[in-house]
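I have placed the structure first, in the form of structure tokens, so that the comments after it can refer back to it.
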Amino acid sequence: MTARIGVITFPGSLDDRDALRAARLAGAEPVSLWHGDHDLRGVDAVVLPGGFSYGDYLRAGAIASFAPIMAEVVAAAGAGLPVLGICNGFQVLCEAGLLPGALIRNAGLHFVCRDQRLRVESADTAWTSEYAAGAEIVVPVKNGEGRYVADESTLDQLEATGRVAFRYVGGNPNGALRDIAGIRNEAGNVVGLMPHPEHAIDPLTGPSADGLGMFVSVLKSFAAA
Amino acid sequence: MNDGMSEQPYAELGLKDDEYARICTILGRKPSDTELAMYSVMWSEHCSYKSSKVHLRQFGDKAPETDVLLVGMGENAGVVDVGDGLAVTFKVESHNHPSYVEPYQGAATGVGGIVRDILTMGARPIAVMDSLRFGEIDHPDSRRLVGGVVAGVGGYGNCLGLPNIGGEVVFDPSYAGNPLVNALCLGVMRHEQIQLARAEGVGNKVVLLGAKTGRDGIGGVSVLASATFDEESPSKRPSVQVGDPFTEKVVIECCLELFERGLVTGIQDLGGAGLSCATSETASHGGSGMLVDLDLVPLREPSMTPVEVITSESQERMLAIVRPGDVDDVLGVCTRWGVLATVIGEVTDTRRLQVRWHGEIVVDVPPASLADEGPVYDRPFARPADQDALQADTSAALARPKTGAELAETLLRLAGSPNLASRKWVTEQYDRYVLGGTVLAMPHDSGVVRLVDDSDRGVALSLDGNGRYARLDPYAGAQLALAEAYRNVSVSGARPLAVTNCLNFGSPEDPDVMWQFAEATRGLADGCRDLGVPVTGGNVSFYNQTGATAILPTPVVGVLGVLDDVNLRVPSGFVRAGDVVMLLGETYDEFDGSEWAWVTHGHLGGRPPLPRLPAERQLSNVLQTAADERLISCAHDLSDGGLGQTLVEAALVSGIGVSVTLDGDPFVALFSESAARAVVTCADADVDRLLEIVADHDVAVTRLGRTGGDAFVVTGEFALPLDTLRETHESTLPRHLS
Amino acid sequence: MAKVAVDVMLKPEILDPQGQAILRALPGLGFDQVTAVRQGKHFEVDIDAADAQAQVEKIAATLLANPVIEDFAVRFID
Amino acid sequence: MAKVAVDVMLKPEILDPQGQAILRALPGLGFDQVTAVRQGKHFEVDIDAADAQAQVEKIAATLLANPVIEDFAVRFID
Ligand SMILES: Nc1ncnc2c1ncn2[C@@H]1O[C@H](COP(=O)(O)OP(=O)(O)O)[C@@H](O)[C@H]1O
Ligand SMILES: [Mg+2]
């Protein structure tokens, strides 16, 4: 049976259709999920897509983290469901407390959209098993509030426990501490990152197809399970 | 009804004596205060096109035969058939004056406004572009204006989830007190999804969707964009409109769902003149009447007067016409999206637009008198007294670089000059990836997007203008802008189909400016006829002047082309070393109005390069055929800065150098701005077939050299390392604007 | 040295989308007695001048607030 | 009805590039006695509750500020 990957649409989500397309291209059945429902429709994995949920007013991801569906996401993540937060989705995961730290205004104060080199630091998560640890990939980054911050002890702990998932290489676009582009939870089922793997699934429309691996990874994790 | 027995303040509202008299004749009485306010905004230059109408007619009269136009000029935006049952709509519009007052919000609401125009046609907006002009880059106000405008364009477009796929940034002293902010939006729909702005069907309900109405931009269009902007008169300053892209995003999704489910019979966005415009236009075009109850309009501030409510330009609002039986479904869809929706009136058989306030009819007018029968002026125009002297002052006497070192120095200086330097500082602030359909965007010559997921069909778009050329000869200048956009679309491999334009000029009350306008429109209309691409819509912005000094006349032209298969798109940068580099088209000694004359001598005089429209068509045919046959690996048009700049840009895209050998005068070869030229690269194996195509179309071709290495080499003249070029090219904007 | 706070708010007649978004979110979080929210900026300025208040007023008017759409208030913290 | 102000500031240990940018711009405008600027958010909340202060404290802690990176202060305006 085809695995089902759900993508949540919040009001103001923008890259939801892109995430659905990436899931489909990877071989999954894409499923649209609605912020206002208390229902994950039995999907095998959930993506919180990029965008400006609620306009990113107040703080990026803050209002969305209280959406009805987030209660379900939090519970399911605790039970091991693979959850991926991309950009705004990463911000929502941090605001919801599923991942530590926060994402704040870029150090350069501008929105930055560029093709970004990343190093895969953790290849043993539900979303990164397709990559070799240390592999470099090129994926678009585009955000105005993408600077990852956390207090020193949290950062040290992330490093010590191998929970930095992706790091910027060849230039840090937003001043993120320790060049952190993405992190994971301890179990490895929850991953959040600022860059956009769903925009790197076809060299025709993106800088590479390097991002598809994240969606393929999660499919393989079901097969293995 | 208050029929105003006392003198009415029509002059303060911008109405002339005879215009006021006409209103009285139409109504058979004096207008009420509310009616007067409505006529004042609807008959303003901005809304009525009263000074430009007689000239704009040529776009229709001279339009080339075409069967691709599904909706022509006159609607919110034209609709073009691109095949496979798909249609696109696109339009460019100005938000110049508001952007000077509040750069961020002015630019942001400019994007918001044009996006609603596209949505109104029934289309899903899928991309935006922006054409920007400012004073000198080192002007003390530039950082505020450029920074604010770029952040505003990005802030709104990014939050709306529309990729920004191209545009322009130009610096010239004439725009210092009058920046130009022109925004374009592209939308896609299936043929059967076209919506029209009509109120039809007696008893149908009028539903206002989106943001609450506040005191934003009251009198904005009539006052701000329809008179010379004068910093000294703050009383003329209307309150600024603040954009709410989040609300616009949910309004878009909500409207698209309403269209999809067939729940609206007509729709119109609220832009300039707010409800005055939306109600009168839909009623007029539907040949019906309408009764609107202003008390039902949701307000941000309860104390608003009827005049304020009906002229407010609050953003993010749409007016939908809905069958009574569908009202509940419409409100349900709106609730799901969190969009406020209110029935505020209904379609009637009176053929009158009637507005009720506190139970009293305060407006009772024929809708067409507001929407379509405003005043029309054939304003006097005359060739400016200094035009001959300007044209006589050619660039012939300017000192030219002679040695290889001087040529290299000139090339470097141009590559780092404000108008030719890398736009990355700007374009990095725009999301070009969202929606996943962007095939080409900056730094390529045109933006290319795939239209829908299940088809490889795409469109290419370019937006170009050159105020200096237009100053020297507005007729030729408009054609050169058209030709450049046409060429940019062609180098990507697309077939040019249709045109939009934004005409930015000074005061129409100045005969010199009016002459520029008349010549530019004539040139553009003739050019579109000759290139076989119809104008589908556009926008006019007058009164762009500070005191008596007008901006350079600036027609900005957008050309849209279609690619049957986006996989065949041709990028503007070199893609591999070892390709043969060829120049298509003929080079003449044409330097008047050039970037070289401006950057190295501060000179503007003479006559611009000759528009060579037949040659543009042939060049375009060569490029399309070569793209279809997958012969060329890269194609880049030649425009500002000439061949030198084109090779620099093509090389820097992916850091592949180039070596060329130039025949004749290397200065002319490198820096002339002759039109109808492009550089292409191809593999050795494809050269013969390419030459055949070129010969078939009677286009001149010159073999220049090869790609490769890490420098820009001109045999016998100079070798410039790409690193040096990149540093020079990319540091200019950040240095001045960060 | 003085520490001066500057609060910059959109003028009352200007749309405040951020405040609106917060207001709409509150009932869902169980706060239903809030009738209005407006969001502005808060600056804290350390300044070493005898006429600190006057200087900060000027800074607020030139740089921190855009008088076309915003009002500001200046207040000593200590 | 009470009007309550909430000021939200980044914690002192978090870099505030907005404040830094303002600080850097000031000398050029002739203000050279400013030694530090920090930028935060200012909210004005109208609330119809007997325990207005307590409610707003809760709103600030739940929604207006993110405790991971921000501190807040609540104060009655009238
Ligand atoms: N304001 C802008 N917004 C978006 N893209 C822009 C803007 N200005 C320039 N660009 C993009 O930067 C690239 C270089 O611009 P330019 O040199 O003006 O192009 P050209 O000379 O080919 O018209 C193009 O891809 C253009 O679309
Ligand atoms: Mg070009």
Side-chain angles (χ1 to χ4, degrees), chain C residues 1-12 16 18-66 70-75 77-78, chain D residues 1-12 16 18-66 70-75 77-78:
Chain C
M1 202 216 53
K3 202 179 194 70
V4 189
V6 182
D7 293 328
V8 176
M9 293 295 280
L10 286 170
K11 291 185 175 178
D16 169 21
Q18 310 216 68
Q20 295 292 310
I22 297 166
L23 183 65
R24 277 195 303 268
L26 286 172
L29 305 181
F31 302 102
D32 46 16
Q33 290 159 311
V34 175
T35 56
V37 179
R38 292 188 67 82
Q39 176 170 345
K41 297 175 195 157
H42 177 77
F43 299 89
E44 298 186 359
V45 179
D46 294 357
I47 183 167
D48 234 339
D51 57 341
Q53 167 101 19
Q55 289 244 8
V56 175
E57 297 263 359
K58 253 167 97 182
I59 292 172
T62 28
L63 191 62
L64 304 184
N66 175 354
E70 293 168 325
D71 295 325
F72 64 87
V74 173
R75 146 179 76 87
I77 318 187
D78 48 43
Chain D
M1 203 216 54
K3 203 180 194 67
V4 188
V6 181
D7 294 328
V8 175
M9 296 295 279
L10 282 174
K11 293 186 170 174
D16 168 24
Q18 288 179 287
Q20 297 288 311
I22 295 166
L23 185 65
R24 274 195 308 272
L26 286 172
L29 302 174
F31 303 102
D32 46 16
Q33 291 158 311
V34 175
T35 56
V37 180
R38 290 187 69 82
Q39 177 170 345
K41 296 172 193 161
H42 176 78
F43 301 89
E44 297 185 0
V45 178
D46 294 357
I47 182 166
D48 237 339
D51 56 343
Q53 168 99 21
Q55 289 246 5
V56 175
E57 296 265 358
K58 248 166 99 185
I59 292 173
T62 348
L63 185 65
L64 302 184
N66 176 350
E70 293 166 327
D71 296 323
F72 65 88
V74 174
R75 146 178 77 87
I77 319 190
D78 48 44

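When each of C:D48, C:D46, C:V56, C:I47 is tested with D:V34 by the rule side chain to side chain contact (heavy atoms under 4.5 Å, CB included), just one qualifies, namely C:I47.
Looking at D:I22, both its backbone and its side chain come within 4.5 Å of chain C, counting heavy atoms on both sides.
Heavy-atom minimum distance, D:K41 versus C:H42: O-CB, 3.5 Å.
For the atom pair CG of D:D7 and CD1 of C:I77, the computed distance is 8.0 Å after rounding to the nearest 0.5 Å. To the nearest 0.5 angstrom, C:Q33 atom CD is 7.0 Å from D:D51 atom CG.
Contacts of residues 58-66 of chain C with chain D at a heavy-atom distance below 4.5 Å involve C:K58, C:I59, C:T62, C:L63, C:L64, listed in sequence order.
The most heavy-atom pairs under 4.5 Å with chain D, out of C:Q55, C:Q39, C:Q18, come from C:Q39. With chain C as the partner, the residue from D:V8, D:L26, D:V4, D:L23 showing the most heavy-atom pairs under 4.5 Å is D:L26.
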